[in-house]
Amino acid sequence: MTIGVTLTKFLLEEQRRFPSSSGNFTSLFSDLVVAAKIISREVNRAGLIDILGATGSRNIQGEEVQKLDDYANTAIIHAMEHGGHLSAMASEEMDTVIKVDAKYPRGNYLLLFDPLDGSSNIDVNVSVGTIFSILRCCKGPNGCDVEEKDFFQPGVKQTCAGYIIYGSSTMLVYTTGNGVHGFTLDPSVGEFLLSHENIRMPERGRIYSINDANSKHWLPGTAEYIKKIKENGRDTTARYVGSLVADFHRNLLKGGIFLYPADKKSAKGKLRLLYEASPLAFIAEQAGGKASTGAGRIMEIEPVELHQRTSLIIGSKLDVEEAEACWKAHGAQREGFV
Ligand code: AHM
Ligand code: MG
């Protein structure tokens, strides 16, 4: 472990590798880090201040909005809107695109985020996280107003993707297409310090993560894959937190597979393509893993809706390939799923 390299220093060194870089991206990322620290502080104080529980409203997905969801959403918007690097943002918690107010300068980037993933776990002290994805805005800062369709870019076009996990410690993990790096927040100095450089996901994992209560809805490909795992004679174990960030993070470090596949109840899956699947797919691939719908690569899906859902099978390369093979054998794609 390298001790003492701050995220700011690491980002500046990355920036210097590109002499023509304007520094805009580094500055945008620094604003996001401020939001992450604010949310982390609030998550850590959650039992002490009146921020647990629901707000009483529902989001675009029809899900109950938690107070901390709301807080995290506002913290990110406030930290990002005045920096001059974004044209617009889109949040899992908001119906429409968040345009940067005309009183602030606009930049070349678009930010997508899930402010607090795993919110059903907030009130019971289980890890939650923020997921983000940064895209280039093809219209440029002075182009006409950004529209929803400007966000409809496949995962392969992401400039950066990452997440912050608020767990036993707060960690930020990100990629810009040059490996995956992890930083742990040292609360005594208020800085993210490099703790996991160039993370590689084991090719094969011991862990599988799926909500088994959905087994009655599973497609034959999923059912067969889970049966195979249980019978393969390898030293396998099941782990399911119910916070995507936490399940993904554990599998990234230890090796394993996470599945939230399309099924007979949710033909398109549950998780959101642009806020959850695409950013984590970028990280998985950069760490040597894979991300698939079961029938194709997540990173190549051309989005058609801001809040589009997708089937997601993500994790260690060989495990995801095995799951894909089961799906293929049962032709789920031909039956209209994913
Ligand atoms: P959220 O973004 O509203 O929190 O929902 C997404 C969460 C994921 O974190 C998690 O993997 C999944 O939903 C769990 O769903 P389920 O409770 O159906 O197993
Ligand atoms: Mg989420």
Side-chain angles (χ1 to χ4, degrees), residues 36 39 43 46 52-55 57-73 75-76 89-95 111-133 155 161-167 173 207-219 222 226 238-252 256-284 291 293-294 298 305-315:
I39 300 168
V43 168
L52 292 177
T55 57
S57 56
R58 291 189 176 268
N59 67 12
I60 177 81
Q61 338 276 345
E63 298 152 348
E64 215 173 41
V65 176
Q66 305 294 313
K67 286 187 200 165
L68 260 174
D69 269 339
D70 218 26
Y71 182 89
N73 193 53
I76 295 174
M89 295 174 253
S91 161
E92 191 195 288
E93 294 299 330
M94 314 254 323
D95 303 6
L111 173 72
L112 291 121
F113 58 94
D114 178 354
L116 215 53
D117 175 67
S119 35
S120 66
N121 280 324
I122 292 173
D123 287 1
V124 290
N125 237 323
V126 171
S127 301
V128 288
T130 299
I131 310 175
F132 61 91
S133 164
Y163 59 84
I164 301 108
I165 178 166
Y166 312 104
V173 175
I207 298 168
Y208 73 98
S209 325
I210 189 165
N211 186 340
D212 189 68
N214 291 332
S215 60
K216 53 188 172 293
H217 308 300
W218 286 348
L219 299 175
T222 305
I226 298 299
R239 292 282 184 275
Y240 190 76
V241 176
S243 282
L244 175 62
V245 170
D247 280 311
F248 176 80
H249 183 69
R250 181 203 53 237
N251 292 358
L252 175 72
I257 185 167
F258 172 92
L259 305 96
Y260 212 118
D263 62 22
K264 290 174 202 151
K265 191 170 148 222
S266 318
K268 300 284 176 208
K270 172 185 176 183
L271 299 172
R272 272 56 49 130
L273 174 64
L274 292 172
Y275 311 106
E276 293 166 326
S278 252
L280 296 188
F282 191 15
I283 293 171
T293 61
I298 293 281
E305 278 174 46
L306 205 51
H307 296 284
Q308 185 168 336
R309 294 177 191 264
T310 182
S311 178
L312 178 66
I313 301 175
I314 189 165

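Read the numbers this way: they start at 1 and go in the same order the structure lists the ligands and their atoms. Note: hydrogens, waters and symmetry copies are ignored here, and every other heavy atom, side chains too, is used.
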**Student:** Using modelled atom types only, decide if a donor and an acceptor are shared between the side chain of Ser215 and the backbone of Asp212 within a distance under 3.5 Å.
**Tutor:** yes
**Student:** Out of all atoms in ligand 1, which are within 4.0 Å of some heavy atom of Arg272? Include the element for each.
**Tutor:**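 The list of qualifying atoms is 1 (P), 2 (O), 3 (O), 5 (O), 6 (C).
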**Student:** At the Mg ion (ligand 2), what angle lies between atom OD1 of Asp117 and atom OE2 of Glu276, rounded to 10 degrees?
**Tutor:** 100°
**Student:** Going by the angle between their ring planes, with limits at 30° and 60°, are His249 and Tyr163 parallel, tilted or perpendicular?
**Tutor:**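 Geometry flag for Tyr163 against His249: perpendicular rings.
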**Student:** Could you list which atoms of ligand 1 come closer than 4.0 Å to a heavy atom of Asp114?
**Tutor:** 2 (O)
**Student:** What's the shortest heavy-atom distance between Ile283 and Gly162, and which atoms?
**Tutor:** CD1-CA, 3.6 Å
**Student:** Checking Tyr275 against Asp117 for the side-chain hydrogen bond (donor to acceptor under 3.5 Å, both in side chains) test, could you report, in this order, the C-alpha distance in whole Å, the side-chain angles of both residues, the deciding distance, and whether it holds?
**Tutor:** CA-CA 10 Å; Tyr275 311 106; Asp117 175 67; over 6 Å; no
**Student:** Enumerate the atoms of ligand 1 whose separation from the nearest heavy atom of Glu276 is less than 4.0 angstrom.
**Tutor:**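 Heavy-atom distances to Glu276 below 4.0 Å select 2 (O), 6 (C).
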**Student:** If the cut-off is 4.0 Å to any non-hydrogen atom of Gly118, which atoms of ligand 1 fall inside it?
**Tutor:**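 Near Gly118, meaning under 4.0 Å from one of its heavy atoms, ligand 1 has 1 (P), 4 (O), 9 (O).
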**Student:** Shortest non-hydrogen contact from Val128 to Gly118?
**Tutor:**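 Looking at all heavy atoms of both residues, the closest pair is CG1-O, 3.2 Å.
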**Student:** Could you tell me whether some N/O pair between Val245 and ligand 1 is separated by less than 3.5 angstrom?
**Tutor:**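 Min N/O separation from ligand 1 is not below 3.5 Å for Val245.
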**Student:** Quickly, which of Leu273, Ile131, Leu112, Asp114 forms a side-chain contact (heavy atoms from CB on, under 4.5 Å) with Pro279? Name it, please.
**Tutor:**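 In the set Leu273, Ile131, Leu112, Asp114, the residue that makes a side-chain contact (heavy atoms from CB on, under 4.5 Å) with Pro279 is Ile131.
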**Student:** Does the residue Tyr240 have a heavy-atom contact with ligand 1, meaning some pair of atoms that are separated by less than 4.0 Å?
**Tutor:**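 Tyr240 counts as a contact of ligand 1 under the 4.0 Å cut-off.
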**Student:** What atoms of ligand 1 come within less than 4.0 Å of a heavy atom belonging to Leu244?
**Tutor:**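 What qualifies from ligand 1 is 8 (C), 9 (O), 10 (C), 11 (O).
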**Student:** Can you check side chain to side chain contact (heavy atoms under 4.5 Å, CB included) on Ile165 and Thr130, steps first, answer last?
**Tutor:** CA-CA 7 Å; Ile165 178 166; Thr130 299; over 6 Å; no
**Student:** Give the minimum heavy-atom separation between Ala262 and Lys268, together with the two atoms involved.
**Tutor:** CB-C, 4.3 Å
**Student:** For ligand 1, which atoms have a heavy atom of Ser243 less than 4.0 angstrom away?
**Tutor:**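 Listed by number with element: 9 (O).
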**Student:** Does Ser119 use its side chain to pair, donor to acceptor, with the backbone of Asp69 at less than 3.5 Å?
**Tutor:** no
**Student:** Just to be sure I'm reading this right: ignoring hydrogens, which of Asp117, Val128, Asn214, Asn211 gets closest to atom 7 (C) of ligand 1? Compare them by their nearest heavy atoms.
**Tutor:**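 Looking at heavy atoms only, Asp117 sits closest to atom 7 (C) of ligand 1.
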**Student:** For the 3.5 Å polar cut-off, considering only N or O atoms, please tell me whether Glu92 and ligand 1 meet it.
**Tutor:** yes
**Student:** Pairs of nitrogen or oxygen atoms closer than 3.5 Å, one from Leu116 and one from ligand 1: do any exist?
**Tutor:** no
**Student:** What are the atoms of ligand 1, with element, lying closer than 4.0 Å to any heavy atom of Phe258?
**Tutor:** 11 (O)
**Student:** Looking at the Mg ion (ligand 2), which N/O/S atom of Asp114 is the nearest one?
**Tutor:** OD2
**Student:** With nothing but distance in play, are any N or O atoms of Lys270 less than 3.5 Å from an N or O of ligand 1?
**Tutor:** yes
**Student:** Below a 4.0 angstrom heavy-atom separation, can you tell me which part of Phe248, side chain or backbone, both or neither, approaches ligand 1?
**Tutor:** neither
**Student:** Between the side chains of Arg272 and Ser278, does any donor sit under 3.5 Å from an acceptor?
**Tutor:** no
